[in-house]
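Index from 1, following the sequence. Heavy atoms only: backbone and side chains are in, while hydrogens, waters and symmetry mates are out.
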Amino acid sequence: MAENQAEYQALARKYRPQNFEDVVGQKSVISALSNTIDVGKVHHAYLLTGTRGVGKTTIARIIARCLECEEGMSSHPCGKCQSCIEISRGTYPDVIEIDGASQTRVEDTRQLLENTRYPPIRGRYKIYIIDEVHMLTSSSFNALLKTLEEPPSYVKFILATTDPQKIPTTVLSRCVRFQLTALTADEISGQIRKIAGREGIPCENDAASLIAIAARGSMRDALSLCDQAIALGGGSLRRESVIAMLGNAGDELSEELLNLITSNQADLGAFLDKVRAISPNYKAVLDNVVGLFHDLCLFQFTGQKHLNLFQTPLAILEKYAKLMHPKDLQLYYQIALEGVNELSSGAEPSSVFDMTVLRLLAFTPEKKKRG
């Protein structure tokens, strides 16, 4: 038993893409990079930007494999040669990975960049992957800029950041920039089901969808949540286990709240009793309520033409968008958002939730108020 536990590898690591074909989403970025590599016009510096968990460092490593593969430079590295294997493990001598947060002294950066004067040991290029590059100090950026202006032909830089606004424009102007987008809930849930199938893990569609929504565009976060849910679910991905893990009741709770607002027959006490019984994470619940009203507002104006904008199921949007006035939804959104903000005040979370629901009902049009 202990041996099996030692051999277990987290899903996010086990299914980290090793080539461009495995990357979920980012089609335009992958297409541009593939074409550039295949025609041999590789720029000396790339900047990959985007929110956490969307694949910046993963794509940087794939670029490195494409450039260093012993079978030849192409957008389809073999993945079997010694270079590809070592780059995947992080042990290849000519691919240097740096955490921008650790380069707090300009001396560190200067020493690192001085090594660019020496040609690669084994590969075609000496590749520097700098993660969270925006965290470099001003002095470090100045040192980097000198190398970016006139780098040796064998040196390539791949920079990654979640906050490009903090990077000096002088550095930005010397990089080819690619913006990675947050993944949609459908893309994430589809990948979760695919991985579950490969692993032989029973997976309910609702469980995959709930995790995809909670991951907020990050595949890495989604797979980390899957690991937790699988452990909680005894080896399977079940809706009940995911709800218990996330601390919310998902779409069922959202629909009951909307029914409470739009119907004269709904029972407030029964609704709050049900919420209490779940023992939810009230922050997660209120975040979902904010997202719910956001989706309803957008759906009223866009309809079904842009379904990738929504995290709320289409059936709920179609039913309640017809029953609620756009101006009311704007107010409900603000009330829910205020509820989220009040959680930071230190008040009892359940009380904040109760008061948020009461405000939603208090500002409901007269014809819908309970008698």
Pair [X] + [Y]: basic N to acidic O under 4.0 Å:
{"X": "E68", "Y": "R61", "result": "no"}
{"X": "D267", "Y": "K274", "result": "no"}
{"X": "E199", "Y": "K14", "result": "yes"}
{"X": "D163", "Y": "K166", "result": "yes"}
{"X": "E342", "Y": "R359", "result": "yes"}

[X] side chain vs [Y] backbone, donor-acceptor pair below 3.5 Å:
{"X": "N19", "Y": "H76", "result": "no"}
{"X": "S209", "Y": "N205", "result": "yes"}
{"X": "N259", "Y": "E255", "result": "no"}
{"X": "D206", "Y": "R239", "result": "no"}
{"X": "D131", "Y": "D99", "result": "no"}
{"X": "D227", "Y": "L11", "result": "yes"}
{"X": "Q26", "Y": "T181", "result": "yes"}
{"X": "R198", "Y": "K194", "result": "no"}
{"X": "S34", "Y": "S31", "result": "no"}
{"X": "K126", "Y": "I121", "result": "no"}

Can you find a heavy atom in the side chain of [X] that is under 4.5 Å from one in the side chain of [Y]?
{"X": "Y332", "Y": "I261", "answer": "yes"}
{"X": "L296", "Y": "L317", "answer": "yes"}
{"X": "I127", "Y": "Y92", "answer": "no"}
{"X": "E338", "Y": "T356", "answer": "no"}
{"X": "S74", "Y": "D38", "answer": "yes"}
{"X": "L237", "Y": "E204", "answer": "no"}
{"X": "C226", "Y": "I192", "answer": "yes"}
{"X": "H134", "Y": "P164", "answer": "no"}

### Task
Search all heavy atoms of C66 against all heavy atoms of I37 and return the closest pair with its distance.
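Scanning both residues, the minimum pair turns out to be CB-CD1, 3.8 Å.
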### Message
Set out, in order, the CA-CA distance, both residues' side-chain angles and the distance that settles ring pair (Phe, Tyr, Trp, His ring centres under 6.0 Å) for F353 and Y282, then state yes or no.
### Response
CA-CA 7 Å; F353 178 77; Y282 284 98; 5.6 Å; yes
### Query
What class does the angle between the rings of F157 and Y128 fall in, given that below 30° is parallel, 30 to 60° is tilted and above 60° is perpendicular?
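Parallel.
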Distance in Å, [X] [atom1] paired with [Y] [atom2], rounded so as to fall on 0.5 Å steps:
{"X": "I98", "Y": "I130", "atom1": "CD1", "atom2": "CD1", "result": "4.5 Å"}
{"X": "S254", "Y": "I316", "atom1": "OG", "atom2": "CD1", "result": "6.0 Å"}
{"X": "L257", "Y": "F271", "atom1": "CG", "atom2": "CZ", "result": "4.5 Å"}
{"X": "L180", "Y": "T49", "atom1": "CG", "atom2": "OG1", "result": "7.0 Å"}

Tell me whether [X] shares a hydrophobic cluster with [Y], the cluster being built from Ile, Leu, Val, Met, Phe, Trp, Tyr side chains joined at under 4.5 Å.
{"X": "Y154", "Y": "V176", "answer": "no"}
{"X": "I213", "Y": "V24", "answer": "no"}
{"X": "M219", "Y": "I62", "answer": "no"}
{"X": "L159", "Y": "Y125", "answer": "no"}
{"X": "L331", "Y": "M355", "answer": "yes"}

### Task
Assess whether salt bridge (charged side-chain N to carboxylate O under 4.0 Å, His left out) is satisfied between R122 and E86, documenting all intermediate values.
CA-CA 12 Å; R122 285 170 44 192; E86 289 183 12; 2.9 Å; yes
### Message
Can you confirm whether E150 is buried at CD, in the sense that more than 12 heavy atoms of other residues, nucleotides or ligands lie under 6.0 Å from that atom?
### Response
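Not buried by this count: 12 neighbours or fewer within 6.0 Å.
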### Query
Quick check: are there more than 12 heavy atoms from other residues, nucleotides or ligands sitting under 6.0 Å from CD of E21?
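Atom CD in E21 is crowded, with more than 12 foreign heavy atoms closer than 6.0 Å.
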Donor-acceptor pair between [X] and [Y] side chains, under 3.5 angstrom:
{"X": "S140", "Y": "T137", "answer": "yes"}
{"X": "S83", "Y": "E70", "answer": "yes"}
{"X": "T162", "Y": "E132", "answer": "yes"}

